[in-house]
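For reference, the structure discussed in these notes is given below.
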Amino acid sequence: MAQPAAAPTFDAFEALPDPVAILAADGSLLRANPAFRAAIRHWVGPQRPPWGRAPAPEFENGERRFDAPTPDGRRFEWVERVLDDGAHLVIARDITRHVTAAEDALRAKTTLFATLTHELRTPLNGILGMAGLLELGKLEPNAKTYVGAIRQSGELLLDLITEILDYSRLETGRVALESAPFDPEAAMQDVAELLSPKARDKGLEIAVTMRAGAPARVIGDDGRLRQILFNLAGNAVKFTETGGVTLELAPRPGERLRFSVRDTGPGVAPEKQALIFEEFMQADAGVARRHGGAGLGLAIVKKLALAMGGEAGLVSRPGHGATFWVELPLPRAPDEASQDAPLAGVRIAIDSGSALLSQAPRTSVASLGALPVALDDQPDVILHDWRDGADGEAIDAMRRSARVVIAMIAQEERRAIEQCREAGLLHYTLKPVRRRSLADRIRVALGGATDGEVDAPPPEPPPETLTGLRVLLAEDNPINALLARTLLLRAGCIVTTVQDGQEAVSAAASAAYDLILLDIRMPRLDGLEAAQRIRAGGGPSAAAPIVALTADAGEEERVQARQAGMDDFITKPIDAPRLLTVAARFTERPNPATFSAD
């Protein structure tokens with residue numbers, strides 16, 4: 001009698017839906033289930049693990065987990081466990097679809113941010129442009145102040161919009177860094193002066209100091225550094241109620257520079273310091289509610305510092321302020337001029353009720369070779385922090401004890417200049433104090449230089465250089481078109497205005513122009529496609545210089561413009577000197593194709 005066939009045994013290992021394999025200690029493949037054999041299509045053995053050449057972390061308690069691609073590009077989540085007999089159990093899960101979906105979502109978010117920020121920039125660029133146009137006219141002093149406030153507020157808002165877009169780009173690793181010579185002290189000073197009105201409104205001082213040995217010019221990305229400093233100093237002003245904020249530059253070994261922003265605010269609790277550079281984190285929720293903000297500023301600082309090959313950090317004690325710093329590799333520029341000591345041997349004393357202003361100028365003048373001394377130690381120069389209601393007798397006493405007394409006046413309080421003169425103080429410098437301007441002022445006051453030898457303004461280009469230049473302007477936004485057209489007409493240009501790319505192509509095909517300005521984003525036909533058609537059309541303006549106008553200063557649009565045959569690039573809001581400089585360059589040599597990045 002025939003025996004019944006044995007029922008096949010169930011093998012759970014073979015039935016597992018995820019790829020699973022057992023490897024020998026040397027990596028040889030001992031066993032693999034069907035899912036593993038179907039998913040892992042390359043040979044597996046010693047020196048050739050299932051994840052190929054991708055590095056794997058060390059084992060912790062006999063196990064490690066990590067994500068890594070296979071040689072064919074698919075991404076897997078791996079779990080490797082050491083068994084009792086020394087063999088390794090490997091389990092894999094294909095996460096390619098999830099990774100692709102996450103990357104698609106990130107790209108969609110970046111596109112959304114880019115679209116929103118462009119739509120926000122368009123009216124804001126119009127506001128800034130028209131404010132700039134107003135400044136070119138004759139205004140009463142008060143009106144000039146109001147227009148300046150409009151420009152400053154608009155520029156701050158534009159910076160915020162740019163930061164949102166930058167943050168979205170940082171998330172995807174899309175940060176284009178420039179490398180050009182620049183003055184790091186000027187970058188710090190510009191940030192301090194931009195934040196000075198806000199600090200002044202809160203009764204705070206803001207100052208810039210340079211340590212001895214700091215370079216005058218370095219190679220790096222000036223714009224990104226300013227963005228970092230503006231975030232750090234802006235936060236410091238926001239969260240400081242009394243005292244002030246100091247921006248300091250100090251040289252470090254290995255051609256690195258450390259930029260520090262020190263405040264006299266509430267400080268940061270130790271348990272918050274490790275998290276404060278993370279996205280949407282605030283050191284104090286109560287303070288954050290009072291001052292606002294999304295908690296992105298310090299996250300951007302950290303990401304930018306890392307992208308530039310540097311690092312960011314914090315030193316703080318609650319109740320004793322905070323010092324935020326970034327250290328960046330910024331080599332000296334080859335054309336850096338040798339730094340002398342213009343104030344060598346000059347004895348300088350500081351008279352200020354502010355602890356910050358008593359210290360910051362001391363550091364700066366010491367870096368210029370001066371000798372900081374006490375008020376009663378026979379100074380040559382006294383730097384007097386001017387305040388309303390200054391004591392006339394005290395000023396007379398200072399004038400008798402020093403060769404020169406120089407008043408330090410807030411840039412927002414220029415009316416105090418006349419008050420100083422009435423009090424017998426003929427020399428002054430504006431706060432935040434510019435180190436080099438202070439050195440020049442001291443030399444003039446001591447008779448070592450004349451006013452004509454320092455602070456000489458650069459010569460202005462002759463206005464007739466653009467007379468008769470035929471310009472085709474394609475801009476769909478009427479405010480931006482009015483701004484550009486007005487600036488060009490004032491310079492003597494003959495301007496033809498069209499509203500989209502299709503009209504620009506038709507105009508360029510029917511008449512000769514010396515210069516074509518194309519907005520990149522226009523209806524019907526964008527500026528990039530219009531440039532390509534003008535170049536390919538062979539018309540009377542096919543070889544004319546074409547300059548892109550755009551609200552996005554990103555490297556991606558720069559590359560696209562160059563590929564479309566454009567010769568240069570102007571970023572909105574349209575800046576009059578920049579626009580006229582570009583236009584003038586094309587009157588000297590036709591179609592130079594310089595594609596300037598400045």
Side-chain angles (χ1 to χ4, degrees), residues 145 148-149 151-153 155-156 159-160 183-211 214 225-250 258-268 287 291 293 297-298 301 314-316 320-326 350-367 383-388 406-414 416 428-439 441:
T145 300
R151 280 183 63 89
Q152 186 175 62
S153 299
E155 287 165 356
L156 289 173
D159 287 339
L160 179 60
D183 180 349
E185 183 179 5
M188 297 170 65
Q189 191 70 40
D190 288 347
V191 169
E193 290 175 4
L194 186 61
L195 292 171
S196 179
K198 185 179 293 185
R200 180 76 178 172
D201 289 344
K202 297 183 68 174
L204 304 175
E205 297 288 352
I206 186 166
V208 174
T209 65
M210 296 276 287
R211 293 289 179 180
L225 174 61
R226 290 170 189 262
Q227 187 178 359
I228 288 172
L229 294 175
F230 187 82
N231 273 299
L232 292 179
N235 268 3
V237 171
K238 180 191 294 186
F239 296 114
T240 300
E241 300 298 334
T242 59
V245 176
T246 303
L247 288 76
E248 181 179 274
L249 171 60
R258 174 169 286 201
F259 298 86
S260 301
V261 176
R262 185 168 54 252
D263 65 55
T264 56
V268 181
V287 173
H291 296 286
L298 292 179
V301 166
L314 161 67
V315 178
S316 179
H320 294 80
T323 299
F324 287 86
W325 57 266
V326 290
I350 316 294
D351 176 45
S352 176
S354 163
L356 184 149
L357 272 186
S358 295
Q359 181 57 40
R362 291 174 65 90
T363 304
S364 291
V365 298
S367 71
L383 301 179
H384 171 63
D385 185 15
W386 178 265
R387 302 284 180 177
D388 287 340
I406 298 177
M408 297 185 292
I409 301 172
Q411 65 177 14
E412 298 81 18
E413 299 291 337
R414 292 176 181 265
Y428 69 91
T429 188
L430 297 178
K431 299 185 295 183
V433 176
R434 284 185 175 263
R435 190 176 63 124
R436 296 184 184 113
S437 295
L438 176 61
R441 188 51 48 201

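- Contact record, Glu241 with Lys238: OE2-O, 4.3 Å, taken as the closest heavy-atom pair.
- Distance check: Met210 CE to Leu247 CG gives 12.0 Å after rounding to the nearest 0.5 Å.
- Side chain of Glu205 to backbone of Ala355: no donor-acceptor contact under 3.5 angstrom is found.
- Annotation: the span from Arg262 atom CZ to Ser316 atom OG amounts to 12.5 Å, rounded to 0.5 Å.
- Of all heavy-atom pairs spanning Leu229 and Phe259, the tightest one is CD2-CB, 3.9 Å.
- Taking CZ from Arg362 and OG from Ser367, the interatomic distance works out to 13.0 Å, rounded to the nearest 0.5 Å.
- Between the OG1 atom of Thr429 and the CD1 atom of Ile406 there is a distance of 7.5 Å, given to the nearest 0.5 Å.
- Side-chain contact between Asp183 and Arg436: present, with at least one pair of heavy atoms (C-beta onward) separated by less than 4.5 Å.
- Note that the OG atom of Ser260 and the CG atom of Leu314 stand 11.0 Å from one another [nearest 0.5 Å].
- A donor-acceptor pair is defined here as one N or O able to donate and one able to accept, closer than 3.5 Å; no such pair exists between the side chain of Ser352 and the backbone of Leu357.
- The nearest pair of heavy atoms linking Val301 to Ile228 is CG2-O, 3.8 Å.
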Checking Leu232 against Trp325 for the side chain to side chain contact (heavy atoms under 4.5 Å, CB included) test, could you report, in this order, the C-alpha distance in whole Å, the side-chain angles of both residues, the deciding distance, and whether it holds?
CA-CA 8 Å; Leu232 292 179; Trp325 57 266; over 6 Å; no
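- Counting heavy-atom neighbours within 6.0 Å of Arg211 CZ, excluding the residue itself, gives a total of 12 or less.
- Put simply, the side chain of Thr323 never gets that close to the backbone of Val261: no donor and acceptor are under 3.5 Å apart.
- What you find for Pro432 and Gln189 is that their closest heavy atoms are O-NE2, 3.0 Å.
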List the steps and the verdict of side chain to side chain contact (heavy atoms under 4.5 Å, CB included) for Phe239 and Asp263.
CA-CA 9 Å; Phe239 296 114; Asp263 65 55; over 6 Å; no
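- Side-chain contact check for Lys431 versus Asp385: some heavy-atom pair is nearer than 4.5 Å.
- With sequence neighbours excluded, the residues satisfying side-chain contact (heavy atoms from CB on, under 4.5 Å) with Asp351 are Leu375, Ile382, His384, Met398.
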Apply the test side chain to side chain contact (heavy atoms under 4.5 Å, CB included) to residues Leu298 and Phe324: give CA-CA distance (whole Å), side-chain angles for both, the deciding distance (0.1 Å), then the verdict.
CA-CA 10 Å; Leu298 292 179; Phe324 287 86; 3.9 Å; yes
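- In plain terms, the two heavy atoms of Arg387 and Ser354 that are nearest each other are NH2-CB, 4.4 Å.
- How far NZ of Lys198 is from CG of Leu204: 11.5 Å, rounded to the nearest 0.5 Å.
- Side-chain N or O atoms of Thr242 include none that pairs as donor or acceptor with a backbone N or O of Thr264 at under 3.5 Å.
- When every heavy atom of Met408 is checked against every heavy atom of Leu383, the shortest pair comes out as CE-O, 4.0 Å.
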